[in-house]
Amino acid sequence: MQIGEVSERVGYSLRTIRYYDEMGLVTPSARTPGGFRLYTEMDVYRLLVLKRMKPLDFSLDEMRDLLATLDALDGRLPSSTPRAELFDQLDGFRAAADARVEKLRQRLAMAEEFAQQLRDEAAGRTDGSSPAPEPPVRTTSA
């Protein structure tokens with residue numbers, strides 16, 4: 001499939017797909033005689049892996065390493081690394097993803113708490129009640 005169809009399926013811009021190609025993360029499997037990029041289902045899968053890693057702030061090098069590990073496990077990339085070590089690497093990525101998800105959950109909880117505080121504040125001001133008291137002013141003694 002051509003890059004436009006891949007873009008629609010994955011939800012990435014053409015620019016992002018080209019960038020990942022330039023970085024060597026997802027290289028098109030073929031090109032038309034006119035030079036247009038052609039992608040396979042496996043290429044789409046790789047882009048979806050990257051899309052899931054992005055919100056967790058994995059670096060390009062980490063993305064590249066995970067894709068290489070997956071390729072080696074699936075036999076798409078020759079590897080002298082023992083399978084047990086590849087599974088350990090995969091487990092390391094899983095642990096990193098779990099930790100990053102937990103960090104996002106904590107940040108989301110804080111954001112939800114703040115949004116609720118703002119909703120409560122707005123409701124308190126529209127129902128005629130007085131606004132929340134000002135925080136005390138700190139003074140320093142000289």
Side-chain angles (χ1 to χ4, degrees), residues 1-32 35-142:
M1 67 196 89
Q2 290 189 1
I3 194 169
E5 183 180 346
V6 172
S7 173
E8 287 180 26
R9 286 187 55 190
V10 175
Y12 268 152
S13 68
L14 301 178
R15 183 176 181 199
T16 298
I17 295 170
R18 288 184 189 115
Y19 175 74
Y20 284 147
D21 179 10
E22 290 169 17
M23 295 296 104
L25 294 170
V26 179
T27 304
S29 293
R31 288 193 180 258
T32 66
F36 292 102
R37 294 169 172 88
L38 294 175
Y39 295 89
T40 63
E41 290 297 326
M42 182 52 63
D43 299 326
V44 170
Y45 167 78
R46 291 170 68 85
L47 285 165
L48 289 170
V49 168
L50 299 178
K51 187 170 186 172
R52 291 179 180 112
M53 294 180 82
K54 189 69 177 152
L56 298 176
D57 291 329
F58 281 96
S59 69
L60 291 176
D61 286 337
E62 290 170 318
M63 291 175 174
R64 189 175 290 108
D65 291 346
L66 175 60
L67 289 173
T69 299
L70 293 172
D71 286 345
L73 282 169
D74 293 340
R76 288 187 302 274
L77 181 71
S79 176
S80 60
T81 306
R83 286 188 69 77
E85 189 175 325
L86 291 170
F87 280 113
D88 287 345
Q89 291 171 4
L90 186 60
D91 192 54
F93 281 105
R94 184 220 31 91
D98 286 345
R100 292 172 190 210
V101 165
E102 182 55 36
K103 188 175 181 180
L104 281 174
R105 281 189 180 116
Q106 291 169 2
R107 289 183 65 202
L108 178 60
M110 253 192 329
E112 288 174 334
E113 182 181 306
F114 177 64
Q116 184 61 50
Q117 180 182 0
L118 292 175
R119 284 190 293 273
D120 294 346
E121 187 74 24
R125 291 174 191 264
T126 58
D127 70 4
S129 62
S130 61
E134 292 292 320
V137 177
R138 292 185 182 203
T139 58
T140 57
S141 56

Do [X] and [Y] make a side-chain contact, defined as non-hydrogen atoms from C-beta onward lying under 4.5 Å apart?
| X | Y | value |
| --- | --- | --- |
| Arg52 | Leu48 | yes |
| Leu60 | Met63 | yes |
| Asp65 | Phe58 | no |
| Leu108 | Leu104 | no |
| Met1 | Val44 | yes |
| Leu56 | Val101 | yes |
| Leu38 | Gln2 | yes |

Going by atom type alone, with no hydrogens or angles, which donor-acceptor pairs under 3.5 Å involve a side-chain atom of residues 76-83 and a protein atom two or more places apart or on another chain?
residue: Arg76; atom: NE; partner: Asp71; partner atom: OD1; Å: 3.1
residue: Arg76; atom: NH1; partner: Asp74; partner atom: OD2; Å: 2.9
residue: Arg76; atom: NH2; partner: Asp71; partner atom: OD1; Å: 2.9
residue: Arg76; atom: NH2; partner: Asp74; partner atom: OD2; Å: 3.1
residue: Ser79; atom: OG; partner: Thr81; partner atom: N; Å: 3.1
residue: Ser79; atom: OG; partner: Thr81; partner atom: OG1; Å: 3.4
residue: Arg83; atom: NH1; partner: Leu73; partner atom: O; Å: 3.0

Could you tabulate the donor-acceptor pairs under 3.5 Å formed by side-chain atoms of residues 113-120, not counting sequence neighbours?
residue: Gln116; atom: OE1; partner: Arg119; partner atom: NE; Å: 3.3
residue: Gln116; atom: OE1; partner: Arg119; partner atom: NH2; Å: 2.8
residue: Gln116; atom: NE2; partner: Asp120; partner atom: OD1; Å: 2.7

- Query: Judged by atom type as modelled, is there a donor-acceptor pair below 3.5 Å linking the side chain of Ser7 to the main-chain atoms of Tyr12?
  - Reply: yes
For the [atom1] atom of [X] and the [atom2] atom of [Y], what is their distance to the nearest 0.5 Å?
| X | Y | atom1 | atom2 | value |
| --- | --- | --- | --- | --- |
| Tyr39 | Arg46 | OH | CZ | 11.5 Å |
| Gln89 | Thr69 | CD | OG1 | 4.0 Å |
| Lys103 | Asp57 | NZ | CG | 8.0 Å |
| Phe93 | Asp88 | CZ | CG | 12.5 Å |
| Asp21 | Leu14 | CG | CG | 12.5 Å |
| Leu67 | Leu50 | CG | CG | 5.0 Å |

- Closest non-hydrogen atom pair between Lys51 and Val10, with its separation: NZ-O, 2.6 Å
- Closest non-hydrogen atoms of Ser29 and Asp43, given as atom of the first, atom of the second and distance, are OG-OD2, 2.7 Å
- Message: Strictly below 4.0 Å, N to O, side chains only: are Arg94 and Asp91 in salt-bridge contact?
- Response: yes
- Item | For Arg100, all residues meeting side-chain hydrogen bond (donor to acceptor under 3.5 Å, both in side chains), sequence neighbours excluded | Glu62
- Query: Just wondering, are more than 12 heavy atoms of other shown residues or ligands nearer than 6.0 Å to CZ in Arg31?
  - Reply: yes
- Kindly indicate, with the supporting measurements, whether the criterion salt bridge (Lys or Arg N to Asp or Glu O under 4.0 Å) is fulfilled by Arg64 and Asp61. CA-CA 5 Å; Arg64 189 175 290 108; Asp61 286 337; 2.8 Å; yes
